[in-house]
Every structure is written in structure tokens, then in C-alpha cells.
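Worksheet: the structure to be examined is printed underneath.
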Amino acid sequence: MEETSVEVKSVSFIRFFVNGHEVIVQDPDPEMTLLTYLHHHLRIGSKTGLTGTKLGCGEGGCGACTVMVSYYDDSKDKIKHYSVNACLAPLCSMDGLSVITVEGIGNSKKLHPCQERIAKAHGSQCGFCTPGFVMSMYTLLRNNPSPTQEEMEHTFEGNLCRCTGYRPILDGYRTFCSDYCPCKEGENGNTAEAPKLFDATKFIPLDPNQEVIFPPALKIAGKVPPLSLAIKGPRVSWYRPVSLQELLQLRNTFPHNKNKDQPQYRLLMGNTEIEIERRQKGCTYPVLICPSHVPELLELKLTDEGLLVGGSVTLSNLKDFITTAITQLPSHTTGVLQAVLNMLKWFAGAQIRNVSSFAGNIVTASPISDLNPVLLASGATLNLQSIDGERVLKMDSSFFTGYRSTVLKPNEILKSVVIPFTDKTDHVLSFKQSRRREDDIAIVNSCMFVRLSNNDHKTVEHIRMAFGGMSYKTITASATESKLTGRKWDDNLLQLSLNSLTDELVLEPTVPGGMPDYRLSLALSFFYKFYLTVLQQCNPQLVPPQETSAIKEFQKAPAQGSQGFKQISSSGNNTIGQPKMHLSAILQATGEAVYTDDLPHYENELYAGVILSTESHARFTIDSSPLEGIDEVYFVSANDVPGSNDGTGSGKDEQVFRVNTVTSVGQIIAIVLAKTKAIAQRYAKEVKVNYEKLEPVLSIEDAIKKQQFHPEGKPAHVKLWTGNTESALSLSEHVSEGVMRTGGQEHFYLETNACIAIPKGENGEMELIASSQCLSDMQHWAAKALGVDANKIIGRTKRIGGGFGGKQTRFSPLSSAIAVAANKVGRPVRIMMDRNEDMLYSGNRHPYKGIYKVGYTSKGKLTALEMELYSNGGYSADESVPVLERALLHSTNAYFVPNAYLHGKVCYTNIPSNTAFRGFGGPQGMIIMEDAMDRIAYTLNMDPVTVREMNLVKEGDETVYGFKLTDCHMMKAWKKLLEVSQYYQRRDKVKEFNKDNKWIKRGLAIIPTKYGCAFGYNVLDQGGALVHVYKDGSVLISHGGMEMGQGLHTKMVQVCSRCLDIPVSKIHIIDTATDKVPNSSPTAASSSSDLYGMAIKDACDQISERIRPFKEKDPSAGWNQWVMSAYIDRINLSAQGFFKVDYSGINWETGKGQAYNYYAYGVGCSEVEIDTLTGDFKLLRSDLIMDVGDSLNPAIDIGQVEGAFTQGLGLFTMEEVVFLRDGKLLTTGPGTYKIPSCNDIPIELNVSLLDSTPNPKAIFNSKAVGEPPLFLAGSVFFALKDAIRSARTSRGYSPVFDLWAPATAERIRLACEDKFTRLVDEKMKEKFKNVEERWNVIP
């Protein structure tokens, strides 16, 4: 359809302010986001680009891109502030607004309190998420300078952190809150006398009068009617009408064509869906119409019938209005409003709610829309309008005509909705169950409305039950509704309802979205909750006391806790043992910290758009002809590799660019280069890849069946043994067998893989600046691909925005491809992967299957263990065999087993190559062992704590691989935690609670960990450092480790400070580079402080020895003079340090040896509460004790314990990697893959570092801390199992049962077998032949 002009006065430029500076953009590109503009186009003075606002996901799901937007509301004479996701916000939508970024509120020379408190409270580790948290908090304070802690936590619903575990962020920011009271418990929840990680009394006070002022020019402009916008970009036009008539004319000209072959024109407000479709699916909408300034669509008012909500009203404004309204209206009228509010409470994060429109949520017609079930159940009135006139509809089941389609005519808009008031006999309740409680889409949602007779308050006059997630659209259970009308609200009605809903809502086993049995059981559980609620509202006496827990509302107190560590008195320049702030925390909090993609663009630089395979196993051909003749667009493939395209990757079985076949989704086929990211990605989608599909092998079971194992051609069969297992099992009093499964886990570092390749123009030299955990591997693999020696390639990293193992080996194939591209064009080439690309490409933690047979005595003492492990390695060997070795070495966890045979294999499958991840196989091996211990305890009807304690390792015990334990602190940590957690007292309380509550159950568990510290391959246990002392006394350190949030650089500066006896302020680290320290091992295995601390000490000792004569000659002269004197005397003030760990390693032929340098011990105790009807749970309390030796820095070490624990919490409870049956990965972003949020951490979290456990085998008696604490989260998994067990045994089911990790809401619910799950199971078996077949595959 041709564009026809609309006769209005319009302009084609936008005017807004950024950090107080006026910005005018002529003809802005409607496809450009605010974030892209801020990063690459904004020019303030001589500076181009503000990079403090980060791109974390591009979906509005992580909050790293949060900025504050403000506008003047003339009708209320008020300036309003709200947070938005800059990655979604269209640049064109900024007209007339003020934007404040993290750079605009303060800098490292003049900190804003929001920046200072997150930094000094140790709430910034890798720092990539930090600006987003700062800006969310800043926005809250601009609206409310004295929020409550609950309000503070809610403001972070749209912000994710993968490093800290959230506690230090919340602790720093709760000091702003009106209900924060350090006088009661001391900062951080400690007693007043306990050592503190930070001193809140020294924080800069918040002064609301000192904030950035709203631009007066915008306030003046806000008092006059706005002009329409008509902006024509290269591919997309943007219209912003300012009147209803103009909007209707535009909609008539550019209708919503339902035929996909016609141009697709869209209305948008927050761009929360269209931007994701554009970015990820390549959708193009030639015309975008933004109705944000149409007064009629912004109406929000109470009428005689109910609440009238204009179509453009944002969900935040609606939430605030309803919250106020229900306090002023008669309570019996607010039933539907309460149901809407209940949905909005868990709807997305604040940033999304602030821009998403009410009408948009309705007319997108998502089958899992949270609001549509409420509107459908309540019969809301829809006011539609077009150029042809108005139309009024009652929302009913006919409104949704199909998947994401409605009865709206192409030229109609949803002008407003009237949400009806309720009568005294009306009862309304809404429900939602998702993978994660906050900021997550529903698995199933529902709203139920019933009107009972005025006469008896028992007879159903009208009932409506609406469901989302039970079909391809929002539906009502109309058949069941008909059966219930006219019946009494009693037990007979309940049974009729359950049977009828089961018949009406049963889903095919292969239904899209999966979980058919869980989804149906949720529908039944929701009705049961509704049934009881209505009974209770009619007459509380009608609900038996034991049933009331079914309708208990979810409530969560603000998080609290304590951090225990040994207070070390500071002594001179020695800061070892002091809780010092991360050296980059201030820069990270102000947005000044530079990450790879923040570096200024080079002249003539090109951006890489990567073409990834979309089939799991196929032959392919590629057609790049669509790119021919396009200026400044280049195609790069295997044909352009000057060296070797084959034999890359740590297993030497990968290709830089795929040739002829792909063996997984996410493999690099080719690269397209262009001047900008948008152009490169657009043309990458133009390249045609034709596939001939081959049969994929996806799961462990399929690989075993087909005998596909790594390494290809010579499968590894890794094994350990001790004693005579076969004989011991035959002689054991008891033998139990079991199977345990653990799922994969996405690393979800906030900074995706990024790299810049810079050809130097001579001798094949090239510099690679990258977010890599192993520069040496990157250097050597790039050199191999380029056909040059490694000395021609320099790798460099300043900091990484999180890694966790995901950037250890998987990074290098990408950087090699970028190096090839740069070599081809002779120009710098840059890439920062989009989140969906990164998750497709980078692989996960290995899924594991463990099959065990365990022998034991009647008292629970272990006698023998046979365990077989299978891991899913994916398409290449990568680190899978070493991961399996560590899994086996940890598969007895912290227990002594006298007779054991442990063996395993790595499965070769057609999924992305799985790789290193924090714990490196250890958590998988340990949880399988803990499953066996759990089975023993409940087979014998014993307390698991008793069984675990009697089998714990002790000093002098020998491991399965023949190593005698020394400095074993396992029992010390165990006893200490039993004491501080008050386990036995709380166990009695849990039992009492469970006896009194039928549907809500609590669980309590204690789990130990024994983690081996070292790589396990002694060739990797070496590290180098270079220390320069300059004439002015300043010191520059270089070492082989990467700073990725773990505080490595901070600790290394502390080590240097102590060794040289100089202030920390004199020491600096610029970056890590291969031309300073060669052949570095990966920054992994929690070994970097051990290796580089000792290497730095070695270098510093050399320098100290050289300076010693000058100190002795003039003891009072001081460091600077001693250095100058040494320089004058021509003494070398530079030293190279080196360290290697002295241990033998394992001989895998004999299964014996010293696997690790030493062990770290820890214990976790967790208490949970589950809703057995939905599988929802909350983590009430966790107590953690970790042995870190003599802590180098308690603040950093406690942060690592909490961060690892929270990552483990995700691994064992909610993080589920989902593959479809054809091998495609579903979980490619925060919309589908859920990591823990700040609402998921323990309500009470107490962390202590075990005292008096010096470790003579590492720098200054310290221990590794990054990976060992992760398995403490196993206590949450087994607490959940304990709670499920209580539910099962109360209904007569066995206490011994299988529960696989992660213990998702689905698995929790289905394990709590009851009359509802039985009904579902029977119906599924009755209706479908192949009940086990599913939509997705468990890899």
C-alpha cells in the first residue's frame, strides 16, 4: 500500500536532553535504539559516545541498559521520572524527554551516593550490570527519597546480576531506606560488635536538592501542545500523532494487515516486542505509529461502571492508579481491580512496565498474556475505534480468533477498556505460575470469576474461568462453566469441576511449550485455590483449618543476613585480610570502566555480523551472491583462511568456519563485514544457507544407544577405583540403586563475547583485544588460522564482564574467525555478539546422568559404591573429558568410601559444545553422590544429617585415588554449621509446621562440599608475572590472569603492597597481555590468586632484595628515595616472577595420585517453603560456612561465596536449558532462560568464613574461593526434596523417590503427588497412546 500523507503540522526532527545537554537529531533512523545512539552517535563537546549504559541482552530482560527518562506533565504541573531499557527504547520516542545516564549523575572524582554505596558495599564485581542497578536506584530515589526496603527490592525486578548474589547490592542500597535501622542489628545484619564489610556512617548523604535539574527548556515546551512527528528513515517511517483523528487517519492509511505477504504496519509504545522481533527474527515494519501523545488514549479514570483505561496508559501508571483506587473504593467493588493488580505485581520489571501499554498487552494476543485472562473472565468492555466509527465489545471467548490474532479490523485501534466493578456476591481471583516469580512470562495463568446468588450465597449464577498457557490463545473453560451454572458451591461442584476441567483442558504430550501434565495440574490447582477462597470469603468456617494453606498468599520479607569473618588489624601498608573494595568498583559504578566494546572505534573499522548454523545436523551450501556489488560489505568464510581452518579448539576437532556440514546449531558458517553492526547483521540475514537435514543425536540416552562418545575414534573411558567393590557390594547389609540427572546451565555472563582484531600492516602482526579467559589459547589458535607464528599475535584484555568458564575455550573459535576477517580486509574488525547469538554459540555446563549402586550398613555407614557417569559433551570434545575427570574425582563428595569403582564417558551429540563452567564437573559428581546419601537415609528411616555426618572424611583418610588427606577441616566446618544454623531446633519446627499445613510444606537440609583446588593438569598450574618499579616509586604489575569480577587484580595489588611494603595507591595494573606475560593458563579453576600471587611475590622479593642495600644504608629515606637511589646506581627495577604448583597429578592408568594441591571445605544449610499445588517455592534461610584459609580479602571472598551459591541456586532450581526435538535451542535469552533475581535469594542469608584454617600451600595461607562454594546450593535442592517428601508421606507415598536437577516448579509440583496429579495422569494415559513423547528433549 502506498503511503498517503496525513494533513497535519509535523516535524522530522527530535529534540531531547542527555545529562542536561540539548540534543537535536534531524531525520533520526526509526530503527535505531536509544542505546545505539548513546554509544555510537551522541556527541557532547569533543566526546563521542557514552558507553556507561551497557548492552546485556537486547530484550529488556537484564537491566544493564537502564537509564532514567523524565518529562514534564503540564496537567499536574509535575516532573515525572521513570526507568527504561535503552536497548529497546526507540531513539524517536525520546522527543521532548530528558535522559539521564550513569555518567550524568556523577563520576569517579565526584561520586553520587548511588554510585558510592554500591561500590563501597562491595556490590560490584564484574561491573557490567552495575550502571543498570545504579540507575534503577537513582530513579527510585528521584521519585521517593525515602523508600522502604520492600520498594527498593521491587525496583530491581528488571535488573540481573550474575556475580554478586545480590546481597551486597541490597545491603548498600538499603541504607537509603526509611525502615533501615543499623542501630538494631549493625550494618549487613551483623551484631553491632561484629566486624563489618563497610561503614555506612561514612557514606555521602543523599541530598535531593543536589540532583541534575530537569531542563527548563523542556518544561517550557511541555506547556504548549506537541507537534506531530513524521520521520522517514532508510527503511522505516515513524509517525507520532498528537490527536485521535490523526491516529485514526494514519491507521486507515497503514492498517494492521493480517496477511503476512502484505506490508506489516505496527502501532507501538514501549517497543518491547517489535524490537526483539526486528533484532532476532529479522522482521521489518515499514511504518511504525506511536500513539504516546494522543490524549484520549491516555485517559485513566473511575466511572460508574468501573475503571476506564486508555489504550496508551502504561502498566506502571495503571498499577499505581489501581493501588490508590482500591484504598478509596468500597472493597466489594474492587475484585477485578485486585485481580489486575495481582498480575501487574509480577509483570515484567519496572523498566518494561514503565513503557508497555495496556492496549498493547491485549491486542498482541499472546496466549500467555497476564492481563487477558482477567479481562476475559470479568467481561471487560473494549472501546474500539476507526475512521469509520466506534465499536463497543464485551470481551468474551470470540475476541481471540487464533494465535496472536483478534477480531480487531485492520484499521481499528483499541481506544480504551473499562474494567468492571464487582458486586457483593462476586468473587474474582487471578493466578500465575512461571519459572521465576518476578519478571517472567507465565507457564499458565488464569482468572476466575463467579457470581453467587443473592439469596443463598451458594448457587452459581454466572461463572467464567479464563486460562492462558492452555492453548494457542487465551481461552475459557466454557463447557465446565455451563456444567457449574446453577449448582451449589460445595464439594460436589468441586469434584465435577476437576473432572470437567481435566476433560476440557487436557493437552497433547507434544504440545508447543511442553509440560502438558504440569500445565493441566496447574489449571486444576488454580481452581481448587479459587474454590477454597470463595468458600472462605462466604464463610471462613466452611474451610477446614488444614486446607487453609492452599490459599496462603505469597509474602516475602526484605532480605537480611550476616557476614562473619576474622577481623585483622591493619598494620602499616599490609592490607592482606582487610575487606578492601574492588579496585575497579568506583569506575564500574560511574560507567567509566572500559570493556572491550567500549573502546573507541578505529578509523576504517568494520563490524562483523556472524552467520550461525540453524540446523543441528545437516549438509549445507551457502550462497553469498545477494551481497555482490554492495559497497563496503564483505563476505568471509573458510575460503579466506590463510592458515588452517581445521584442528582448532581445545580438542583440536573444530573448524574456524564450518565446511559442507554442520553438527549443531550455533556453529560459525561465515561472517559478513560492514560499517555498522546493524548493516552487517542485516546483510548476514541476506546470505542464503541451504540445508539438507541429517538425523541428529541430542540426548545422553540416544548417544549411548548409538555408542557415540568423545574423543571421536578413540572414546575416553575414565575410571577410578579402590578396594574390591564387587565383593563389598555383595557383602553389604543393604544395597540401593538409583539414577540421577543434572541439566545444563547457561553461563549468562552479562557481557557477551566481544573481540576487536587490529591488523598492524606488517609481518602478519595483529592485535586481538578480547573478553577472553585465556589469551594464550586465543593467541595460538588465531596464529594457526592465519598461518603465522604466535609471536606475531598479541592478545590483550583489560577486564571481562563475567566469564564463569564460558569464555575459556569457546571464545577462541570466534576470535580466530574475526582475525581471519580482519586479515582479509586489512582493517580492524569488531564484534560483540547479541545475547541470542552468544547463547547459541557458546555452549553450557554439561548435563550429566549418574547411575549408581551403593552398599551400606544398617546404621548408614558406607561400604561400597559403584557409579557410572555420562556427560553430554555436544559436538566437539572441548574440555569435556577433563570435566568428566573432575566429576569422577568429586563423585564421593566429602565422604569416605572404602570400596569404589567410578567410571564415565562423554557423549558425542549434535548440540552446542558444552564446556567449562564454575565447578567444572564437580557439582555434577557431588549431587549424584548426595542423591545416594539421601536414598540411604530414607531407606533406613534415618535423619540424613546423621548419615552424612558419620561418613564425612577426616584427617588421614584416603581418597578413592589413594591420596591421604591432610589439613582436613570438614568435620570442623560441619560442627560449626550445625551450631550456628540451629539445625536440630529448626528441624523440630519444620516438622511442626508441616503437620499443621497440608498444602504448604517446608524442608531443611545440610550438605557438605570438599573441592579440589588446582587445575588437575599440573602443566596448567603455572603462572608468571612482571613487576616494574618506576623512578617515582610507582609500581606497575602485569600477570597472566584476567580480571572478570572475581577481584583478582585487587588481591594481586594487595599481595604486591605487602611484599614491597608500600601503599596500595602506588600500585597499578593496566591490563593483561601476551606480550608481557606469555603462555598463561586460563583464568580458571579458582587458581589464579594462588598462581599469580606467588609469581608476584617472587618478582617483588627479587626487587626487594635489590633495594635492600639502599634501605639499610638510609632506613629513614623512604620508598621513593630508595627507588631513586637504586636507579642512580643502575639497579634493575623490573623483575619477572614465576610459580608452579608442585604436585604429581593423577595417573589415569592406575587411578592413583595427587589430583589437587589442596582441598577447600564448606557446609550449607537451607530451609525452603513450597506450594505443593503449584511447585512455587521461596528460600527462607541459608547458612553457609566456607573454608578459605586465611582470607586475602574477606569482602571479595564472601562475595565469591554468595555469588557462587546463587549461581548454584540457579543450577539446581530454575535454570533449564531447553532443546526442541529437532535440536534447536529454545532458551536463547532472558525471556526464555531464567537466572535467579534478587527476589530468589534467601530471605535470610548468613555467610561465615571458617576461622583458624591457614593453608600453607598457597599465597599467605589463603585458599581458592571462586568455585568451591557453588555446591553449597545443593542444600537448597535437598531442602526442596525434604519438603516434597513431607507432602508425599502425608499422602501415603514413598519417602524414597527421584528428583532430577534442576528442581523446577514443574518437577516440584509433579513430585508432590496428590489427587490432582493422579487425575491428570489417568486422563493423559486414557487419551494418548505415547504419553512419554514430548515437545522438547532432555539433553
Checklist entry - Is it true that Lys432 and Asp440 have a side-chain N and a carboxylate O under 4.0 angstrom from each other? => result no

Next on the checklist: Working to the nearest 0.5 angstrom, can you tell me the gap between Cys1238 SG and Leu170 CG?
Outcome noted: 5.5 Å

Checklist entry - Taking Arg1288 for the side chain and Ala1311 for the main chain, is one N or O donor matched with an acceptor at less than 3.5 Å? => result yes

Next on the checklist: Looking at Glu150, I'd like to know if its CD atom is crowded, meaning that more than 12 non-hydrogen atoms belonging to other residues, nucleotides or ligands lie closer than 6.0 Å.
Outcome noted: no

Checklist entry - Is it true that atom NZ of Lys989 has more than 12 heavy atoms of other residues, nucleotides or ligands lying nearer than 6.0 Å? => result no

Checklist entry - When you measure from the side chain of Ser549 to the backbone N and O of Trp999, does any donor-acceptor pair fall under 3.5 Å? => result yes

Next on the checklist: Does Asp934 form a salt bridge (charged side-chain N to carboxylate O under 4.0 Å, His left out) with Arg1285? I'd like the steps, not just the answer.
Outcome noted: CA-CA 11 Å; Asp934 192 71; Arg1285 182 175 290 110; 2.6 Å; yes

Checklist entry - Under 6.0 Å from the NZ atom of Lys529, do we count more than 12 heavy atoms belonging to anything else shown? => result yes

Checklist entry - Side chain of Asn893, backbone of Pro1008: donor and acceptor closer than 3.5 Å? => result yes

Next on the checklist: One pair to check against side-chain contact (heavy atoms from CB on, under 4.5 Å): Arg1309 and Thr1172. What are the steps and the verdict?
Outcome noted: CA-CA 6 Å; Arg1309 172 64 188 102; Thr1172 66; 5.5 Å; no

Checklist entry - So, does Glu116 use its side chain to make a donor-acceptor pair with the main chain of Ile204 at under 3.5 Å? => result yes

Item to check | Arg948 (side chain) donor-acceptor with Met933 (main chain) under 3.5 angstrom | outcome: no

Checklist entry - How are the rings of His747 and Phe917 set to each other: parallel, tilted or perpendicular (split at 30° and 60°)? => result parallel

Item to check | Closest approach of His122 to Pro579 (non-hydrogen atoms, all atoms of both residues) | outcome: CE1-O, 3.6 Å

Item to check | Straight-line distance of Phe347 CZ to Ser434 OG, nearest 0.5 Å | outcome: 12.0 Å

Checklist entry - Between the side chains of Ser124 and Thr130, is a donor N or O closer than 3.5 angstrom to an acceptor N or O? => result yes

Next on the checklist: Just to verify, which of Val1188, Thr1009, Ile1185, Asp1187 counts as forming a side-chain contact (heavy atoms from CB on, under 4.5 Å) with Tyr1161?
Outcome noted: Asp1187

Checklist entry - Checking Tyr1233 side chain against Glu746 main chain: does a donor-acceptor pair fall under 3.5 Å? => result yes

Checklist entry - Between Asp179 and Gln149, is there a donor-acceptor pair closer than 3.5 Å when you use the side chain of the first and the backbone of the second? => result yes

Checklist entry - Atom CG of Leu1299 and atom CG of Leu1310: how far apart are they, to the nearest 0.5 Å? => result 10.5 Å

Next on the checklist: Is it the case that atom NZ in Lys552 sees more than 12 heavy atoms from other parts of the structure closer than 6.0 Å?
Outcome noted: yes

Checklist entry - Given the side-chain rings of Phe133 and Phe156, with only the six-membered ring counted for Trp, is the space between their centroids under 6.0 Å? => result yes

Item to check | Derivation and outcome, salt bridge (charged side-chain N to carboxylate O under 4.0 Å, His left out), residues Asp931 and Lys1281 | outcome: CA-CA 10 Å; Asp931 187 73; Lys1281 197 169 184 182; 3.1 Å; yes

Checklist entry - How far apart are the closest heavy atoms of Ile1198 and Phe565, and which atoms are they? => result CD1-CD2, 3.9 Å

Checklist entry - Relative to each other, are the rings of Tyr1011 and His890 parallel, tilted or perpendicular (30° and 60° limits)? => result tilted

Checklist entry - Can you tell me if NZ on Lys976 sees more than 12 non-hydrogen neighbours from other groups inside 6.0 Å? => result no

Item to check | Asp171 bridged to Lys196 by N-O distance under 4.0 Å | outcome: no

Item to check | Heavy-atom side-chain contact between Phe1205 and Glu1202 under 4.5 Å | outcome: no

Item to check | Donor-acceptor contact below 3.5 Å, side chain Ser1290 vs main chain Ala1287 | outcome: yes

Checklist entry - What is the minimum heavy-atom distance between Leu978 and Ile1006, and which atoms define it? => result CD2-CD1, 3.5 Å

Next on the checklist: Nearest 0.5 angstrom please: Tyr518 OH to Thr1174 OG1, how far?
Outcome noted: 6.0 Å

Checklist entry - With sequence neighbours left out, what residues match Gln1207 under side chain to side chain donor-acceptor pair (under 3.5 Å)? => result Arg918

Item to check | No-hydrogen, no-angle side-chain donor-acceptor test under 3.5 Å, Gln125 and Gln1200 | outcome: yes

Item to check | Side-chain donor-acceptor pair present, Asp1183, Ser981, cut-off under 3.5 Å | outcome: no

Next on the checklist: Please evaluate residues Arg437 and Phe554 with respect to the criterion side-chain contact (heavy atoms from CB on, under 4.5 Å), reporting the C-alpha separation (whole Å), side-chain torsions for both, the decisive distance (0.1 Å), and the verdict.
Outcome noted: CA-CA 10 Å; Arg437 187 172 299 104; Phe554 176 85; 3.1 Å; yes

Checklist entry - Looking just at side-chain N and O atoms, do Tyr895 and Glu930 make a donor-acceptor pair shorter than 3.5 Å? => result yes

Checklist entry - Rounded to the nearest 0.5 Å, what separation is found between the CZ atom of Arg1307 and the CD atom of Glu1216? => result 5.5 Å

Item to check | Step-by-step side-chain contact (heavy atoms from CB on, under 4.5 Å) determination, Phe1277 to Leu1211 | outcome: CA-CA 10 Å; Phe1277 179 87; Leu1211 168 65; over 6 Å; no

Checklist entry - Does Phe198 have its ring centroid less than 6.0 Å away from the ring centroid of Phe203? => result yes

Checklist entry - Just by distance, with hydrogens left out, do Glu151 and His154 show a side-chain donor and acceptor under 3.5 Å apart? => result no

Next on the checklist: Under a plain distance cut-off of 3.5 Å, with no hydrogens placed, do Gln351 and Thr66 share a side-chain donor-acceptor pair?
Outcome noted: yes

Checklist entry - What closest approach, in Å, do Thr164 and Tyr166 show between heavy atoms, and which atom pair accounts for it? => result OG1-N, 2.9 Å

Checklist entry - Regarding Ser1166 and Ser1275, is there a side-chain donor-to-acceptor distance under 3.5 Å anywhere? => result yes

Checklist entry - Taking 4.0 angstrom as the limit, do Lys319 and Glu157 come out as a salt bridge? => result no

Item to check | Residue pair Glu438 / Ser1237, side-chain donor-acceptor N/O under 3.5 Å | outcome: yes

Checklist outcome for this item: Smallest heavy-atom separation, Gly1164 atom then Leu1184 atom, equals CA-CD2, 3.9 Å

Item to check | Donor-acceptor contact present, side-chain Arg435 to main-chain Met1214, <3.5 Å | outcome: no

Checklist entry - Which pair of non-hydrogen atoms, one from Asp1197 and one from Leu1192, has the smallest distance, and what is that distance? => result OD2-N, 3.8 Å

Next on the checklist: Using the rule given for side-chain contact (heavy atoms from CB on, under 4.5 Å), can you reason through Glu153 versus Lys556, listing the C-alpha separation, both sets of side-chain angles and the distance that settles it, and then say yes or no?
Outcome noted: CA-CA 11 Å; Glu153 291 190 12; Lys556 177 185 173 295; 3.2 Å; yes

Next on the checklist: Test salt bridge (charged side-chain N to carboxylate O under 4.0 Å, His left out) on Glu553 and Lys345; report intermediate values, then the result.
Outcome noted: CA-CA 13 Å; Glu553 282 190 37; Lys345 183 178 179 182; 5.7 Å; no

Next on the checklist: For Asn1193, is there any backbone N or O sitting under 3.5 Å from a side-chain donor or acceptor partner on Ser1191?
Outcome noted: yes

